[in-house]
Amino acid sequence: DMPDKPAAISEAESRVMEVLWQQSPQTSEEIIASLLEPTGWHEKTIKTLLNRLLGKGAISAQKEGRRYLYTPRLHREDWQQHESRSLLDRVFGGKVAPLLAHFSQHEKLSAKDIAELRKLIDAIEKKGR
C-alpha cells in the first residue's frame with residue numbers, strides 16, 4: 001500500500017523511475033544499462049539511487065535466483081499529480097490561473113496543449129461541483 005503522500009523523489013531518482021515506468025520488472029543490470037549512456041553516472045550511483053527508492057517504498061525488489069527484479073510501486077500518475085501540486089503550491093500559491101497566465105504569455109501553446117488544458121479545467125470543474 002503506497003502512503004497517501006508519495007515520498008519526495010529527487011530529479012535523479014525520477015530518472016530511474018522513468019526507466020521502470022517504461023518497462024518493468026527489470027534487473028539492476030538492465031536499469032544500469034539504460035541509464036549509463038544518457039546520464040554519464042557511475043554504476044555505483046545508480047545502485048545507490050535504487051536503494052534510496054527501495055527505502056522510500058517507491059519500488060519493490062523481488063529475488064529471482066541470484067538477482068533482484070525491480071518493479072515500481074509508485075504510479076507515474078500519482079507522482080505527476082503530487083509533483084504538479086507541489087509546483088503549484090510553491091510557485092503559484094496553489095492557484096492555477098497565474099500558472100495559465102504565465103504559460104500563455106511565455107510559451108507557445110499548441111492546439112494539443114490547449115485541448116489538454118481544457119480537459120484539465122473540465123476535470124477541475126467536475127471535482128468542484
Side-chain angles (χ1 to χ4, degrees):
D1 228 24
M2 273 308 297
D4 294 333
K5 190 169 175 258
I9 286 176
S10 71
E11 181 73 35
E13 289 164 350
S14 75
R15 297 286 298 266
V16 177
M17 291 303 293
E18 211 50 67
V19 170
L20 283 169
W21 281 326
Q22 278 163 22
Q23 195 194 332
S24 71
Q26 288 193 56
T27 64
S28 60
E29 287 75 22
E30 291 169 324
I31 296 164
I32 289 164
S34 299
L35 287 167
L36 279 180
E37 272 287 296
T39 61
W41 295 339
H42 289 282
E43 196 171 314
K44 250 166 92 174
T45 306
I46 299 166
K47 286 193 166 151
T48 302
L49 292 169
L50 278 171
N51 282 324
R52 277 199 215 142
L53 287 165
L54 274 174
K56 291 177 179 183
I59 62 174
S60 62
Q62 198 179 359
K63 205 166 166 57
E64 195 188 72
R66 296 175 66 181
R67 52 186 204 166
Y68 284 95
L69 287 173
Y70 296 93
T71 309
R73 289 183 61 206
L74 172 64
H75 297 292
R76 185 192 249 133
E77 293 72 26
D78 294 340
W79 176 70
Q80 283 173 333
Q81 194 184 351
H82 178 260
E83 285 296 300
S84 57
R85 186 74 253 165
S86 67
L87 171 77
L88 263 183
D89 291 344
R90 282 198 318 270
V91 183
F92 295 101
K95 295 183 176 49
V96 179
L99 172 70
L100 292 178
H102 167 83
F103 274 111
S104 63
Q105 285 161 19
H106 302 284
E107 311 291 335
K108 292 274 174 277
L109 292 175
S110 70
K112 186 171 176 268
D113 291 333
I114 292 167
E116 282 179 7
L117 286 170
R118 277 218 178 89
K119 266 204 313 226
L120 201 65
I121 291 165
D122 288 346
I124 292 167
E125 276 184 334
K126 280 199 190 88
K127 251 195 209 158
R129 279 192 203 127

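Nothing fancy with the numbering, it's 1 onward along the sequence. The figures here come from the full heavy-atom set of this structure, side chains too, leaving out hydrogens, waters and symmetry mates.
A donor-acceptor pair under 3.5 Å links the side-chain atoms of Gln26 to the main chain of Val19, judged by distance alone. Using modelled atom types, one side-chain atom of Ser14 and one backbone atom of Glu11 make a donor-acceptor pair closer than 3.5 Å.
Residues Ser60 and Arg73 come closest through the heavy atom pair CB-CD, 3.7 Å. Among all heavy-atom pairs drawn from Ile59 and Pro72, the shortest one is CG2-CA, 4.1 Å. The minimum heavy-atom distance linking Ser28 with Lys47 is given by the pair OG-CE, 4.3 Å. Taking every heavy atom of both residues into account, Pro25 and Leu69 meet most closely at CB-CB, 3.9 Å.
How far CG of Leu53 is from CG of Leu20: 8.0 Å, rounded to the nearest 0.5 Å. Of the inter-residue distances, the one linking Ile31 atom CD1 with Met17 atom CE reads 10.0 Å to the nearest 0.5 angstrom. Once rounded to the nearest 0.5 Å, the distance linking CD of Glu64 with OG1 of Thr27 reads 9.5 Å. Rounded to the nearest 0.5 Å, atoms CD (Glu13) and OG1 (Thr48) are 10.5 Å apart.
Counting only residues at least two apart or on different chains, no ring-ring contact (aromatic ring centres under 6.0 Å, His included) pair has a member in residues 47-68.
Residues satisfying the side chain to side chain donor-acceptor pair (under 3.5 Å) test with Glu18, not counting sequence neighbours, are Arg76.
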I'd like a table of donor-acceptor pairs (distance under 3.5 Å, sequence neighbours excluded) in which one partner is a side-chain atom from residues 32-44, with atom names and distances.
unit_1 : atom_1 : unit_2 : atom_2 : d
Ser34  : OG     : Glu30  : O      : 3.1
Thr39  : OG1    : Leu35  : O      : 2.4
Thr39  : OG1    : Trp41  : N      : 3.1

